[in-house]
Amino acid sequence: MKRLAAFACAVGVSAAMALGLTGCTQEEYTPKELTPSITSPAIAQDGVLRVGVTGGAPFVIETSSSMGGLDVDFAAAIADDLGLKLEVVTLGTDPAAIEEALVNGSVDMVMGAGSSVESENVWLSEAYISSGVVLFGASDATVPNPVGESLPMIAAQDSSTSAWAVTNAFGEGCVVSSSDLMSAFSSYQSGAAQFVAADAVIGSYVVTYQNLDVVPVALLGEASGYRVAIAASNTDLQQAVANSLSGIASNGIGSLLSTRNLGTVIDLSNLPVIETAVPAAGGSDAEGDAAGSESTAGSNAVTE
């Protein structure tokens, strides 16, 4: 499914810069005129950036009249920076299908990519938002020790990367199996678990919008992140997007978009790390952390 989202670029992101970062103003906001900085063949259609998305909430949130979410907002920011209109294309989660869409030009780039889509035909950007498997718990919780005498009970969604990470670090007996991420947090609230293991981005979204009194306590394994995927042969677009992401990170727009969609800025740099052999979460190979269903785009998103 395709949706032209020029409004998100010309109005949404620029307005956020004009109002959200500089404060209120009495002057009427006028969207800036788009001046493309990149043209075909780096993009298939002049003036339009076609972006594939693969996630449910918080990455893509769609209603009958609008489309938003973390990945749509970041795509809009990139398109705005490049002076292009944005066309959002909903893709499936199969890495081979994502690679084919990039190689055959069905889309110019794909948001929310992880290591599963990396190949000789696909280039991945630096992460535009950090992620990984995180333990959520009470603000005064002691970081659990995998070799300690008293091991914690940790809730995680069945068959997810988070569940595998808990099993690898603490043992299968420490996992409180949950059908979905919301059920995992319910186990924590009932006292059946002392922690919840979840993708940092998705877990933060659930914590914020369910108003849960938990915080990130530790990182299970290495941090990863969500990235932009582009055809390996399209070096011009790769450079343009890399420059755009660098600017988005440095000018505060990235933090603004994270706060807008997740209620917080994801910063895992100061979390203690509990070693695990399970690959870090992040991107379309992250996990099945879903509030209500494992059948979610990106295999890692919350369904609403």
Side-chain angles (χ1 to χ4, degrees), residues 20-21 55 58-59 70-71 73-74 77-78 111-115 118 124-146 152 154 156 160-162 164-166 168-170 181 185 188 194-209 212-229 241-287 289 298 300-301:
L21 297 182
F59 304 98
L70 186 70
D71 280 355
D73 280 357
F74 268 96
I78 294 170
M111 304 299 296
S115 59
E118 188 172 20
L124 293 181
S125 71
E126 293 296 316
Y128 55 86
I129 189 164
S130 297
S131 195
V133 178
V134 165
L135 290 186
F136 291 86
S139 58
D140 59 352
T142 300
V143 177
N145 184 353
I154 303 172
S160 67
T161 298
S162 295
W164 282 108
V166 174
N168 182 271
F170 294 93
L181 190 54
F185 278 104
Y188 169 83
Q194 288 76 56
F195 299 94
V196 175
D199 174 86
V201 172
I202 303 165
S204 295
Y205 172 78
V206 172
V207 167
T208 294
Y209 290 99
L212 303 176
D213 188 20
V214 294
V215 298
V217 173
L219 185 64
L220 277 179
E222 296 182 359
S224 184
Y226 293 93
R227 306 168 188 273
V228 176
V241 169
N243 292 340
S244 181
L245 288 175
S246 177
I248 289 169
S250 62
N251 66 16
I253 289 294
S255 295
L256 179 69
L257 297 181
S258 179
T259 302
R260 169 181 171 180
N261 287 280
L262 307 176
T264 186
V265 175
I266 303 296
D267 182 4
L268 308 178
S269 60
N270 294 321
L271 288 182
V273 178
I274 300 172
E275 296 299 332
T276 172
V278 175
S284 57
D285 57 337
E287 61 182 297
D289 282 342
N300 56 5

Going by side chain to side chain contact (heavy atoms under 4.5 Å, CB included), name the residues that satisfy it together with V273, two or more places apart in sequence or in a different chain. L219, E275

Taking atom CD1 of I266 and atom OG1 of T259, what is their separation to the nearest 0.5 Å? 9.0 Å

Side chains of V201 and L262, heavy atoms from C-beta outward: is any pair under 4.5 Å? yes

Compare every heavy atom of L124 with every heavy atom of G114, then report the nearest pair and how far apart it is. O-CD1, 3.5 Å

Minimum heavy-atom separation for A200 to L268, with atom names? CB-CD2, 4.1 Å

Please name all residues satisfying ring-ring contact (aromatic ring centres under 6.0 Å, His included) with F74, sequence neighbours left out, ordered by chain then number. Y128

Looking at CD1 of I154 and CZ of F195, how far apart are the two atoms once the value is rounded to the nearest 0.5 Å? 7.0 Å

With sequence neighbours excluded, what pairs up with F185 under the side chain to side chain contact (heavy atoms under 4.5 Å, CB included) test? F136, L181, V196, V206, V207, L212, V214

Would a distance-only check, ignoring hydrogens and angles, find a side-chain to backbone donor-acceptor pair under 3.5 Å from T208 to S204? yes

In the structure I gave you, are the side-chain heavy atoms of L220 and F170 within less than 4.5 Å of one another anywhere? yes

Mark yes or no for whether N261, through its side chain, and L257, through its backbone, hold a donor-acceptor pair below 3.5 Å. yes

Suppose we screen for side chain to side chain contact (heavy atoms under 4.5 Å, CB included). Which residues come up paired with A249, at least two apart in sequence or across chains? none

Please name all residues satisfying side chain to side chain contact (heavy atoms under 4.5 Å, CB included) with Q194, sequence neighbours left out, ordered by chain then number. P152, M153

Shortest non-hydrogen contact from S125 to L245? OG-CD1, 3.6 Å

Residues two or more places apart in sequence or in another chain: which of them pass side-chain hydrogen bond (donor to acceptor under 3.5 Å, both in side chains) with D267? S269

Of all heavy-atom pairs linking I274 and A218, the shortest is CD1-CB, 4.0 Å

What pair of heavy atoms forms the shortest contact from L271 to V134, and how long is it? CD1-CG2, 4.3 Å

What residue among S160, S162, S131 forms side chain to side chain donor-acceptor pair (under 3.5 Å) with D199? S131

Might you point out which heavy atoms bring A77 and I253 nearest each other, and give the distance in Å? CB-CG2, 4.2 Å

